[in-house]
Each structure stands twice: as structure tokens, then as C-alpha cells.
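What follows is one structure encoded as C-alpha cells, with my remarks underneath.
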Amino acid sequence: NHGIIIQALITGTLGANILNLTMVIGIPAFITSLEITKQNLLLDFPVALIILSILLIPSFIKKKVYRVQGIILLVSYITYLIFLYGIYLS
């Protein structure tokens, strides 16, 4: 069934991302303290929460992920990368 395959892909992707975040932050933090910068607090964390909300809120309400969500997420990510590149250049 097409829906089961899509559900498995989404579940696998979310699970892999959660594992990556916990390992990428957890292992270095176990070895030494990590500094949280002003950029993390004012840009990175809020953007991550907004993007997560775009994915999760409609998905929990309708039990579906829509194409428009994917487009918004992709455009948001590209915009975020461009913004970070602009910060890096300045």
C-alpha cells in the first residue's frame, strides 16, 4: 500500500534525525561542555522549532503530511541556509 510506504519513509526520516541530533549533540557534550551562542538562541533554536511545528502540528491534526508542507519546509530550509551564508559573509 502506498500510504504504508510513505508512513515508513516519514517515520524512518524523523527517527534518523532525532538519533542524529541526540548523538551529534550528546556525545560531544558528554566529552566536554558545549557553548550555546547568541546565534543559537536567537536564530537556530527558533527556526528549528518553527520548522518542526510546520511538520508536526498539521500532521497530528489531519494524520497526514501534505505536499504544501514539504514545499514550505524545503523553501524554509533553503532560506535559512542562504541567511546563514549571509551572516557568514558579514
Side-chain angles (χ1 to χ4, degrees):
N1 188 356
H2 186 265
I4 293 172
I5 294 171
I6 298 297
Q7 184 178 5
L9 289 172
I10 292 170
T11 304
T13 302
L14 287 175
N17 285 328
I18 291 169
L19 179 66
N20 284 338
L21 284 174
T22 56
M23 298 304 265
V24 166
I25 295 172
I27 291 174
F30 181 72
I31 297 169
T32 185
S33 297
L34 297 176
E35 180 182 342
I36 296 178
T37 65
K38 189 175 182 179
Q39 177 184 327
N40 295 136
L41 291 174
L42 298 178
L43 177 66
D44 300 331
F45 294 156
V47 168
L49 290 174
I50 290 168
I51 288 177
L52 184 65
S53 298
I54 291 170
L55 175 64
L56 291 182
I57 292 171
S59 300
F60 280 132
I61 293 170
K62 298 287 186 174
K63 307 285 189 239
K64 247 179 141 177
V65 177
Y66 295 97
R67 182 173 288 140
V68 70
Q69 280 175 277
I71 293 167
I72 291 169
L73 291 169
L74 184 61
V75 169
S76 299
Y77 182 66
I78 292 169
T79 304
Y80 175 67
L81 289 178
I82 291 169
F83 189 75
L84 283 181
Y85 186 68
I87 289 174
Y88 174 75
L89 290 179
S90 59

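- Under the 4.5 Å side-chain heavy-atom criterion for grouping Ile, Leu, Val, Met, Phe, Trp and Tyr, F45 is not connected to L73 through any hydrophobic cluster.
- Across every non-hydrogen atom of N40 and P46, the tightest pair is O-CD, 4.0 Å.
- Taking CG of L43 as the start and CZ of F83 as the end, the distance is 5.5 Å to the nearest 0.5 Å.
- The hydrophobic cluster containing L42 does not contain V47, counting ILVMFWY residues as joined when their side-chain heavy atoms lie under 4.5 angstrom apart, directly or transitively.
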| field | From CA spacing to verdict: side-chain contact (heavy atoms from CB on, under 4.5 Å), L84, Y80 | value | CA-CA 6 Å; L84 283 181; Y80 175 67; 3.4 Å; yes

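- When the shell of 6.0 Å around CD1 of I87 is examined, it contains more than 12 heavy atoms from other residues, nucleotides or ligands.
- Here the CG atom belonging to L81 is positioned 12.0 Å from the OH atom belonging to Y85, to the nearest 0.5 angstrom.
- Within a 6.0 Å radius of OH in Y66, more than 12 heavy atoms belonging to other residues, nucleotides or ligands are found.
- Between atom CD1 of residue I51 and atom CG of residue L74 there is a gap of 10.5 Å, rounded to the nearest 0.5 Å.
- With rounding to the nearest 0.5 Å, the separation of CD1 in I72 from OG1 in T79 is 11.5 Å.
- Using a distance-only test at 3.5 Å, with no hydrogens or angles considered, a donor-acceptor pair links the side chain of Q69 to the main chain of I54.
- Scanning both residues, S53 and P58, for their nearest heavy atoms gives O-CD, 3.5 Å.
- Summarising the geometry of L34 relative to A29, their closest heavy-atom pair is CD1-CB, 3.9 Å, with the distance given to 0.1 Å.
- Remark: K62 NZ to I57 CD1 distance equals 14.0 Å, nearest 0.5 Å.
- I27 meets the side-chain contact (heavy atoms from CB on, under 4.5 Å) test with M23, I31; sequence neighbours excluded.
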